[in-house]
Amino acid sequence: MRPGTAVGTGGDLPLLLALAALAAADSVAWAAVGVPELGGLAAAQAGLDLATGLVVSDPGPRAAPVLAVLLESVPVVLVGASVRVPERAVRRLRAVMRRSGAVLLAAGRWPGADVQLRVAPVGWAGVGRGHGLLRGRRVTAVSYTHL
């Protein structure tokens, strides 16, 4: 992902975590804002370093200023689907992202995202006829740009 990019992941948490791990691989830190479904074990298994993560459980009505501060100082920021930011604040956040080079990964749709992703039908690996251990999931990520 290019620095300064915003990506919507269509509400798929494993996709969000996989993209976050890729984006944070060469960075010092990452942050998650308003992502209550994010578990430490899932984040670690996806490849995120828990020692360098910052979690803001509920930014409340001050989500835009919280995101602005994090986008200035943290290279990868995850945003929950329930986080709402006014349109004019989204434009300011885009400017902050361009200036700082931060990547914003949204759990749902993000207004003005450079790319929106969604997961096409899922296939599971490891489950037999109603029994067995889940070992993985196969997906096709479909992208469309937001013009």
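Judged by distance alone, with hydrogens and angles left aside, the side-chain atoms of R109 form no donor-acceptor pair with the main-chain N or O of A106 at under 3.5 Å. A donor-acceptor pair is defined here as one N or O able to donate and one able to accept, closer than 3.5 Å; such a pair exists between the side chain of T9 and the backbone of A107. Between the side chain of D114 and the backbone N or O of A6, at least one donor-acceptor pair lies under 3.5 Å.
Counting only heavy atoms from C-beta outward, the side chains of L71 and R94 never approach each other to under 4.5 Å. Here the side chains of L15 and L117 are in contact, with some heavy-atom distance below 4.5 Å. Side-chain contact between R92 and V96 is absent, with no heavy atoms from C-beta onward closer than 4.5 Å. In this structure, W30 and V77 have side chains that are not in contact, with every pair of non-hydrogen atoms separated by 4.5 Å or more. Proximity of T5 to L104: side-chain heavy atoms (C-beta onward) are nowhere separated by under 4.5 Å. Side-chain contact between D12 and V139 is absent, with no heavy atoms from C-beta onward closer than 4.5 Å.
Contact record, A31 with V74: N-CG1, 3.7 Å, taken as the closest heavy-atom pair. Considering every non-hydrogen atom in both G108 and A81, the closest pair reads N-CB, 4.0 Å. Shown here for S143 and V115, the closest heavy-atom pair between the two residues is CB-CG1, 3.8 Å. The two residues A29 and P75 have their closest heavy-atom pair at O-CD, 3.4 Å. Annotation for L50 and A43: closest pair CD2-CB, 3.9 Å, computed over non-hydrogen atoms. In terms of heavy atoms, A46 sits closest to A21 at O-CB, 3.1 Å.
If you take CZ on R98 and CZ on R2, they are separated by 11.0 Å, rounding to the nearest 0.5 Å. How far CG of L70 is from OG of S100: 10.5 Å, rounded to the nearest 0.5 Å.
Every residue two or more places apart in sequence or in another chain was checked for a side-chain hydrogen bond (donor to acceptor under 3.5 Å, both in side chains) with E37, and none qualifies. In this structure R91 satisfies the side-chain hydrogen bond (donor to acceptor under 3.5 Å, both in side chains) test together with E87, sequence neighbours excluded. In terms of the side-chain hydrogen bond (donor to acceptor under 3.5 Å, both in side chains) criterion, residue partners of E72 (sequence neighbours excluded) are, by chain and number, R99.
Linking ILVMFWY side-chain heavy atoms closer than 4.5 Å, directly or via other members, places L67 and V55 in two distinct hydrophobic clusters. In the hydrophobic clustering of ILVMFWY residues, with side-chain heavy atoms under 4.5 Å counting as a link, V69 and V83 come out apart. Both V33 and L54 are members of a single hydrophobic cluster when ILVMFWY side chains are connected at heavy-atom separations under 4.5 Å. Hydrophobic clustering (side-chain heavy atoms under 4.5 Å, transitive across Ile, Leu, Val, Met, Phe, Trp, Tyr) keeps L48 apart from L22.
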| request: Show your reasoning for whether side chain to side chain contact (heavy atoms under 4.5 Å, CB included) applies to L38 and L16. | output: CA-CA 10 Å; L38 177 64; L16 176 72; over 6 Å; no

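W110 pairs in a side chain to side chain contact (heavy atoms under 4.5 Å, CB included) with only one of the listed residues (L93, L105, V7), which is L93.
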